[in-house]
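Step one of this worksheet: look at the structure below.
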2 protein chains.
Amino acid sequence: MKIYRYPERETWPDLVKRPVFKREEISGLIEEIFAAVEKDGDNALIQFNKKFDKAVTPEIAVSEVEWQNVENEIPEALKKAIRQAKENISKFHAAQITETEKIETTKGVTCWRESRAVEKVGIYIPGGTAPLFSTVLMLAVPANLAGCKEIILCTPPDSNGNINPAILFTAKLCGITKIFKTGGAQAIAAMTLGTVSIPKVYKIFGPGNQFVVAAKEYAQRYGVAIDMPAGPSEVLVIADSQAVPDFCAADLLSQAEHGSDSQVVFITTDLKIFTETIEAVEKQVAKLPRNEMARQALDHSLFILINSVEEALEFSNLYAPEHLILALEDFEKSIPMIENAGSVFLGNYSCESAGDYASGTNHTLPTNAYAKNYSGVSLDSFVKKITFQHLSREGLKNIGKTIEIMAEAEGLIAHKNAVSIRLK
Amino acid sequence: MKIYRYPERETWPDLVKRPVFKREEISGLIEEIFAAVEKDGDNALIQFNKKFDKAVTPEIAVSEVEWQNVENEIPEALKKAIRQAKENISKFHAAQITETEKIETTKGVTCWRESRAVEKVGIYIPGGTAPLFSTVLMLAVPANLAGCKEIILCTPPDSNGNINPAILFTAKLCGITKIFKTGGAQAIAAMTLGTVSIPKVYKIFGPGNQFVVAAKEYAQRYGVAIDMPAGPSEVLVIADSQAVPDFCAADLLSQAEHGSDSQVVFITTDLKIFTETIEAVEKQVAKLPRNEMARQALDHSLFILINSVEEALEFSNLYAPEHLILALEDFEKSIPMIENAGSVFLGNYSCESAGDYASGTNHTLPTNAYAKNYSGVSLDSFVKKITFQHLSREGLKNIGKTIEIMAEAEGLIAHKNAVSIRLK
């Protein structure tokens with residue numbers, strides 16, 4: 001832990017710095033993987049499964065039998081939990097559907113926007129130790145609400161060539177019918193370029209390791225869009241004297257367990273809470289199954305004692321955390337001061353894991369200070385907004401002169417002509 | 001012109017292909033420019049002004065005197081036109097401000113989104129033959145409505161070291177107080193890295209040549225966001241028998257005059273309209289001051305005769321045009337069939353130049369088939385949407401079991417603990 005008591009404001013820019021992601025080192029590998037997938041398609045994916053996942057997968061697509069069996073492999077309690085989470089996520093994202101509002105900007109000139117789903121989207125779900133079926137909900141639910149016509153999912157197989165049943169179950173529950181056994185950069189390449197089995201998509205969503213992140217960045221050269229740039233997960237907790245150290249510690253650790261590069265920041269105005277939260281973290285971390293990873297994350301975590309909640313919020317805005325927890329008595333007062341954050345959790349009972357799983361908000365959020373210029377995933381991420389306009393002859397007459405004068409001043413005479421010829 | 005009569009559907013994917021942008025050739029130069037600006041700041045910009053714009057600019061910032069004089073340099077009629085355009089653009093974009101709607105997803109669990117402006121934004125306006133003051137309106141108006149705290153503008157000086165007065169006037173009208181004389185990749189580098197004069201921004205907007213486009217792409221490595229990827233401007237016109245060939249030709253040419261790489265596509269179901277529009281194009285192009293550029297664009301333009309409006313719309317969705325004009329009797333019927341387009345112009349009097357200047361819609365739109373996965377610039381481009389949630393103790397109880405079960409199934413025990421410790 002890095003402990004700071006009333007750090008000088010000049011030191012803040014250094015404190016909020018994130019680890020630098022070295023993309024150069026792996027960019028050659030990413031190019032090779034894209035080239036292999038472009039050349040050999042499904043066969044390349046089968047070879048990569050052998051090489052990287054030690055898996056034999058004669059077929060890349062999940063088979064009918066695998067689909068049918070999945071129901072039996074999930075405990076009822078987990079099914080019920082996933083269903084409740086899905087319901088809340090659906091409720092929250094359905095409220096983001098906007099009505100078309102036509103605006104008559106000048107008499108006879110009517111303009112509006114209409115949403116259209118991104119037709120083909122790809123969801124990437126990492127494999128490994130934590131099977132992130134919750135991320136399937138976070139991406140497939142809004143994709144469905146938006147009306148995406150083709151929603152495909154790629155996730156790496158285990159060493160037996162199988163896909164995690166909870167991922168498969170959740171995908172099925174969300175109506176996804178095309179799941180493919182491929183992971184890492186090769187999965188991103190496949191969704192970007194298309195193979196015989198895997199359709200090419202227009203936008204790729206989902207988290208992943210540094211290879212996946214680099215591949216998503218690279219994929220954009222082919223005209224594919226991505227959800228957002230990525231970085232290690234983060235939480236910043238601001239606590240006052242009424243906070244509960246045990247709760248704060250639990251929240252900090254739920255971030256720390258994600259990985260050794262997780263970013264954990266605790267800021268309080270209260271010395272007692274400061275000391276007790278540090279103690280609580282030490283006590284709780286010992287009992288975690290992933291305690292080694294969590295300890296590594298804690299090594300570079302920041303624990304800051306500060307003069308006021310206002311200062312804490314200023315620091316937070318400079319940091320721009322993915323998750324911001326306000327363990328404050330009067331959290332309402334702080335809301336207008338929040339400028340940069342991915343998702344904000346208010347009061348002592350709004351733990352980050354609520355938003356990670358089941359409250360309804362999306363957990364795909366901007367990290368790495370991207371909360372300064374990016375929003376988290378929402379229904380908006382799955383649609384384009386197209387502008388429409390209709391001008392009557394009268395309408396064109398009402399703004400025609402303005403268009404002609406401006407076009408001429410910009411030296412674009414054909415633009416002017418398009419009006420003049422109509423009003424002649 | 002490339003003329004196709006009833007082209008086979010199998011040929012469509014080839015027809016909709018765009019020119020490939022060779023980024024490799026200039027990437028070395030972009031890196032050098034960023035390095036120079038990082039090292040020498042304002043001095044580097046002054047040197048680049050000498051080198052690329054043949055301009056002596058002892059100061060990078062526009063001076064007080066320049067600000068004061070600009071009013072006198074603009075004809076009244078142009079001022080009035082710019083003001084009318086600004087009013088319509090303001091009306092249309094103000095309607096995009098969304099109300100906060102709180103959703104109780106489960107009893108005691110309340111979630112909502114709030115918009116926050118991107119604090120610092122940079123607007124790039126190209127210089128050269130066409131001084132795009134209209135683009136100042138399209139970017140500064142929504143930036144102001146969103147509440148961006150710092151809005152800066154960079155544009156190259158002319159050989160006398162001056163900035164185009166119409167650009168300066170429009171910026172002033174929009175309340176922009178920080179304008180800098182720098183263009184090309186070096187302007188993008190300055191806004192990305194910051195110099196003594198030019199503040200570092202979080203998001204960069206605006207059009208430009210291939211160097212600007214490459215620099216915006218490169219800037220993203222530094223954590224800066226950009227409005228959208230770019231490509232040459234495009235229009236696709238769909239016409240039926242009631243269309244007016246002269247109007248269609250004028251619209252096609254208003255696209256063609258942008259540059260030799262402009263993309264122009266005309267599709268009609270009617271042989272007479274087909275022939276007459278081609279004739280009208282030939283006749284009108286001869287009279288244009290920028291006719292050489294327009295002719296080069298026409299050389300690779302597509303004129304397609306097709307069987308039905310439905311087929312034309314299918315082709316258009318595959319092409320995903322920046323601008324789509326429906327010169328159709330029954331354009332209302334076609335609207336639901338439009339999937340991919342930047343901005344759509346309905347009927348015989350909705351010329352593209354209306355949207356380019358004054359109807360109120362934004363003219364910063366996705367080109368190069370990016371209409372498949374990107375929206376044009378809108379108020380949304382200048383804000384982040386932050387999610388908030390408040391759970392009461394009761395609320396956490398109502399979804400606590402679900403969180404615990406899901407977290408455990410994902411192997412994230414600290415996530416589970418954050419709930420358990422609160423409900424104990």
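In the text below, chain A, chain B and the rest are named by the order of the sequence lines, each starting its count at 1. This one's a predicted model, so the numbers in the text were calculated from it and none came from an experiment.
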### Task
I would like to know whether Y349(A) and H390(B) meet ring-ring contact (aromatic ring centres under 6.0 Å, His included); could you show each step before the answer?
CA-CA 8 Å; Y349(A) 287 92; H390(B) 177 260; 9.0 Å; no
### Query
Taking NZ, NE, NH1 and NH2 as the nitrogens, is one of them in E339(A) or K149(B) under 4.0 Å from a carboxylate oxygen of the other?
yes
### Query
Which heavy atom in A250(A) sits nearest to a heavy atom in A418(B), and how many Å separate them?
CB-CA, 3.7 Å
### Task
Please look at V121(B) and chain A and tell me whether the side chain, the backbone, both or neither of the residue comes under 4.5 angstrom of a heavy atom of that chain.
neither
### Query
Considering residues, nucleotides and ligands other than K91(A), do more than 12 of their heavy atoms fall under 6.0 Å from its NZ?
yes
### Query
Where the side chain of S353(A) meets the backbone of H415(B), is there a donor-acceptor pair that is under 3.5 Å apart?
yes
### Task
Tell me, with the steps shown, if D246(A) and K424(B) meet salt bridge (Lys or Arg N to Asp or Glu O under 4.0 Å).
CA-CA 11 Å; D246(A) 262 344; K424(B) 234 183 358 214; over 6 Å; no
### Message
Report which part of P336(A) has an atom under 4.5 Å of a heavy atom belonging to chain B: side chain, backbone, both, or neither.
### Response
backbone
Donor-acceptor pairs under 3.5 angstrom involving side-chain atoms of residues 400-408 of chain A: please list them, not counting sequence neighbours.
unit_1: T402(A); atom_1: OG1; unit_2: Q84(B); atom_2: OE1; d: 2.4
unit_1: E404(A); atom_1: OE2; unit_2: S420(A); atom_2: OG; d: 2.7
unit_1: E408(A); atom_1: OE1; unit_2: K416(A); atom_2: NZ; d: 2.9

### Query
Measuring heavy-atom distances to chain A, does L288(B) have an atom under 4.5 Å in its side chain, in its backbone, in both, or in neither?
side chain
### L324(A) CG to T387(B) OG1 distance, which is reported to the nearest 0.5 Å
10.5 Å
### Message
Within the structure provided, determine whether L412(A) and E257(B) are in side-chain contact (heavy-atom separation under 4.5 Å).
### Response
yes
## Note on the structure
Among G376(A), A341(A), A249(A), the residue with the most heavy-atom pairs under 4.5 Å to chain B is A341(A)
### Query
What closest approach, in Å, do P131(B) and A409(A) show between heavy atoms, and which atom pair accounts for it?
CG-O, 3.7 Å
### Task
Output, in order, the C-alpha distance, side-chain angles, deciding distance and verdict of side-chain contact (heavy atoms from CB on, under 4.5 Å) for K372(A) and K203(B).
CA-CA 9 Å; K372(A) 287 180 180 169; K203(B) 192 165 182 177; over 6 Å; no
### Message
To the nearest 0.5 Å, what is the distance between NZ on K102(A) and CZ on F92(B)?
### Response
11.5 Å
### Contact class of E87(A) relative to chain B, heavy atoms under 4.5 angstrom
neither
### Task
Side chain from CB out, backbone as N, CA, C, O: work out which of these in V383(B) comes under 4.5 Å of a heavy atom of chain A, or both, or neither.
backbone
### Rounded distance [0.5 Å steps], CG in L391(A) versus CG in N348(B)
12.0 Å
### Task
With rounding to the nearest 0.5 Å, note down the distance linking CD1 in I335(B) to CD1 in I386(A).
10.5 Å
### Query
Among S378(B), S375(B), S343(B), which one satisfies side chain to side chain donor-acceptor pair (under 3.5 Å) with R113(A)?
S378(B)
### Query
Checking side-chain contact (heavy atoms from CB on, under 4.5 Å) for the pair N417(B)/S254(A): CA distance, chi angles, key distance, verdict?
CA-CA 8 Å; N417(B) 286 352; S254(A) 72; over 6 Å; no
## Note on the structure
Taken to the nearest 0.5 Å, the spacing of K384(B) NZ from Y374(A) OH works out to 13.0 Å
### Message
What part of F331(A) gets within 4.5 angstrom of chain B, counting heavy atoms only: side chain, backbone, both, or neither?
### Response
side chain
### Task
Just give me the residue among A117(B), A371(B), G360(B), A225(B) that pairs up with chain A most often, heavy atom to heavy atom, under 4.5 Å.
A225(B)
### Task
Report the option among H258(B), E114(B), E101(B) that has the most heavy-atom pairs separated by less than 4.5 Å from atoms of chain A.
H258(B)
### Message
Please rank L396(B), V118(B), I413(B), V109(B) by heavy-atom pairs under 4.5 Å with chain A and give me the top one.
### Response
I413(B)
### Summary
Counting heavy-atom pairs under 4.5 Å with chain A, the top scorer among G355(B), A166(B), A256(B) is G355(B)
## Note on the structure
The reported gap from CG in N398(A) to OG in S359(B) (rounded to nearest 0.5 angstrom) is 13.0 Å
### Contacting region of L137(B) [heavy-atom separation from chain A under 4.5 Å]
side chain
#### Entry: Pairwise side-chain contact, N373(B) with K120(A), heavy-atom cut-off 4.5 Å (strictly under)
no
### Message
Please identify, among A358(B), A95(B), G223(B), the residue contributing the most non-hydrogen atom pairs under 4.5 Å to chain A.
### Response
G223(B)
### Message
For D356(B), which atoms come within 4.5 Å of any heavy atom of chain A: side chain, backbone, both, or neither?
### Response
side chain
### Task
Can you tell which part of V201(A) gets under 4.5 Å to a heavy atom of chain B, answering side chain, backbone, both or neither?
neither
### Query
Checking heavy atoms, do the side chain of L346(B), its backbone, both or neither come under 4.5 Å from chain A?
both
### Message
Counting heavy-atom pairs closer than 4.5 Å to chain A, which one of A354(B), G395(B), G347(B) comes out on top?
### Response
A354(B)
### Query
Judged by modelled atom types alone, do Q389(B) and S350(A) share a side-chain donor-acceptor pair under 3.5 Å?
no
### Task
Counting only heavy atoms closer than 4.5 Å, note whether S392(B) contacts chain A via side chain, backbone, both or neither.
backbone
### Query
Highest number of heavy-atom pairs under 4.5 Å with chain B: which of K287(A), Q255(A), Q96(A), E104(A)?
Q96(A)
### Message
Using a 4.5 angstrom heavy-atom cutoff, name the option from I103(A), V224(A), L253(A), T361(A) with the most pairs to chain B.
### Response
T361(A)
### Query
For P229(B), is it the side chain, the backbone, both, or neither that has a heavy atom closer than 4.5 Å to a heavy atom of chain A?
neither
### Evaluation steps, side-chain contact (heavy atoms from CB on, under 4.5 Å), between F388(A) and I338(B)
CA-CA 11 Å; F388(A) 286 80; I338(B) 297 168; 3.9 Å; yes
### Query
side-chain contact (heavy atoms from CB on, under 4.5 Å) between E119(A) and N340(B): does it pass, once the steps are laid out?
CA-CA 9 Å; E119(A) 266 183 84; N340(B) 304 316; 3.1 Å; yes
